[in-house]
2 protein chains.
Amino acid sequence: MNFQERKKKILTALDDAGSLTVFELAEILDASPATIRRDLGDIADEGLLLRTHGGAMKMENPILTGFSEKSGVNNYVKERIAEKAASYVQDGDIIFLDCGSTVFQMCRFLKKKSIRVITNSLPILAELIDVPSIQINLIGGELNKARKASHGDKAVQHIHGYHAHKAFIGVDGLSAENGLTAHSELESTITTAFIRNAGQVMLLCDATKIGRDSYVKFAELSAIHTLITDSHVDSAKITALQQSGLHLEVVG
Amino acid sequence: MNFQERKKKILTALDDAGSLTVFELAEILDASPATIRRDLGDIADEGLLLRTHGGAMKMENPILTGFSEKSGVNNYVKERIAEKAASYVQDGDIIFLDCGSTVFQMCRFLKKKSIRVITNSLPILAELIDVPSIQINLIGGELNKARKASHGDKAVQHIHGYHAHKAFIGVDGLSAENGLTAHSELESTITTAFIRNAGQVMLLCDATKIGRDSYVKFAELSAIHTLITDSHVDSAKITALQQSGLHLEVVG
DNA sequence: TTACTTTTGATCAAATTTAATCAAAATTGA
DNA sequence: TCAATTTTGATTAAATTTGATCAAAAGTAA
């Protein structure tokens, strides 16, 4: 096994366990402690983990990681939500795809469809560019390097130039009282534009975000046609949401 | 079996297995390890896989991490042209970057500058996205998967929304008689838009394209301020170009 | 603090992998 | 067809990686 493979396994193992000792890693990777130490030193230099005495801890906010490899706690749930969302997509559809991590998970389930995708997400772009049956319309604008997506006025204008059958969006918070909320203005303007120009709006949202409010309030619950979430939601919250006439789809 | 076939099989095999050793690949392709190593080196240069000691791993996000740039005959020349072109860029500049391979080579020489880049080229985007001192404005539009760039009406409209200090463009053909020519309408409309909205237009063009005419005639020579080319051009052609008042910069 | 244990980083030899070279084979173009 | 070019595979020397050893550094407990 070479360094690249070990690096990948070390990061995955750390992501699951939080922290591991050199000897635990040596066992997992079937390598000597000397090798593990060398590896941990190199990976720590890249800023992808925290070196501790005797081992390593995972970095909570790695500077630069795409969505693609994140294998965290909510991943299984996000996948199921994404799979359900993708089942709403039919051949011939024109769809908007937002730049959140749950929406990104839809990619694997979209690869066999013949559709046109309009997106501002670079990871989605990267994931779908090699699929012959999918045409991509890239939303231009200022590049947000952290989110790996474009945003700003030009991006909003671009979206207003199109109409899609369906929009698949994410939010940072959702509640019966405050509707849809986002961390930042820039995100919310993009999402608002998607909502305005789509025939049907599907919101992908794991349970942790339901009942939580974020900073910018940008749309009413009524803007959403279908909310796809997981079964970890309080029944009280579900009732509250359903009373506002929302179509709910619960997976997992 | 030739290189192209092997390349395809290597990438497919890697995509399935994640990572493979040189010897495993040699067995799969029925070729010698020496050949496999040469192939892996070439493919890794294109940015389509990750070379490891003893083998190779698949690249997770080919577009966002690397780039398949024709690493061919003219590469040294293209680099020198690109380096000269980059020397025209100053801190604070806003520049348009076209999607040709010579323009792409400018990236390495731009990384230390503080500038704003407006481009429709995904490889350029990928190359510059991690440079903190460079802000990127991505030109949206229909994605041309082969050229890895956006184009079309929306892209042209986007460009018209900006003015840049300098535009760095490529062409398929250039002659005193026919001016600038391109292979396709789609490319030419983008380049035309760059020319219209830039204070200064720099054309990067190796000797092989000078005196050659392509299909679409889209701009006069007078649209160009500086032509950067290499020393393999006929002196006759040089004279013809200079007589039309073009500022010539010859490298190599 | 001191004594004790653990972890680390450096060094080194063994094993593996690579790049360079060159002749044979295949391909190309006239 | 033949000659020229390119590609391939074998052979090497050079470079890289690995695991073991051991002194120094860091942590722990009294």
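Order of the sequence lines fixes the chain letters, A, B, ..., with proteins taken first and strands second; residue numbering starts at 1 for each chain.
- The environment of CD in Glu220(B) is sparse: at most 12 heavy-atom neighbours from other residues, nucleotides or ligands sit within 6.0 Å.
- Closest non-hydrogen pair, Val156(B) versus Ala193(B), comes out as CG1-CB, 4.1 Å.
- Residue Gln4(B) contributes atom CD, which lies 15 Å from atom C1' of dT27(C) at whole-angstrom precision.
- Listed here is the closest heavy atom pair of Ser150(A) and Asn120(A): O-ND2, 2.9 Å.
- A donor and an acceptor atom, one from each side chain of His158(B) and Asn137(B), are located under 3.5 Å apart.
- Between Ser32(A) and dT18(D), a side-chain N or O to OP1/OP2 separation shorter than 4.0 Å is absent.
- Taking side-chain N and O atoms only, Arg51(A) has a distance below 4.0 Å to OP1 or OP2 of dT8(C).
- As rounded to whole Å, 13 Å separates atom P of dT17(C) from atom CG of Leu40(B).
- Here dG19(D) presents its C1' atom at 17 Å from CZ of Phe3(A), a figure rounded to the nearest Å.
- Near DNA chain C, meaning a heavy atom under 4.0 Å from it, residues 20-27 of chain A has Val22(A), Phe23(A) in order of number.
- Rounded to whole Å, the distance from CZ on Arg6(A) to P on dG19(D) is 7 Å.
- When each of Asp39(B) and Asn2(A) is assigned the nucleotide of DNA chain D with its nearest heavy atom, Asp39(B) is the one assigned upstream, toward the 5' end.
- Dashed line: the shortest gap from a side-chain N or O of His53(A) to OP1 or OP2 of dG27(D) is under 4.0 Å.
- Set against dT8(D), dT18(C), dG9(D), the side chain of Arg37(B) has dT18(C) as its closest nucleotide.
- Look at CG on Asp42(B): it is 10 Å from P on dT8(D), rounded to the nearest Å.
- Between Arg80(B) and Glu83(B) there is a salt bridge, since at least one side-chain N of the basic residue sits less than 4.0 Å from a carboxylate O of the acidic one.
- Every pair passing side-chain hydrogen bond (donor to acceptor under 3.5 Å, both in side chains) that includes a residue from residues 108-119 of chain B is listed here, sequence neighbours excluded: Glu142(A)-Arg116(B), Glu79(B)-Arg108(B), Lys111(B)-Glu127(B), Arg116(B)-Gln135(B).
- Side chain Arg38(A) to base dG19(D): a donor-acceptor pair is found below 3.5 Å.
- Taking the C1' atoms of five terminal pairs at each end of the helix from dT1(C)-dA30(D) to dA30(C)-dT1(D), the two resulting helix axes are inclined by 50°, rounded to 10°.
- Checked by atom type, the side-chain pair Thr35(B)/Ser32(B) shows a donor-acceptor distance below 3.5 Å.
- Between the side chains of Tyr88(B) and Glu249(B), at least one donor-acceptor pair of N or O atoms lies under 3.5 Å.
- Put simply, CG on Asp30(B) is 13 Å from C1' on dT8(D), counting in whole angstrom units.
- Between the side chains of Asn2(A) and Thr52(B), at least one donor-acceptor pair of N or O atoms lies under 3.5 Å.
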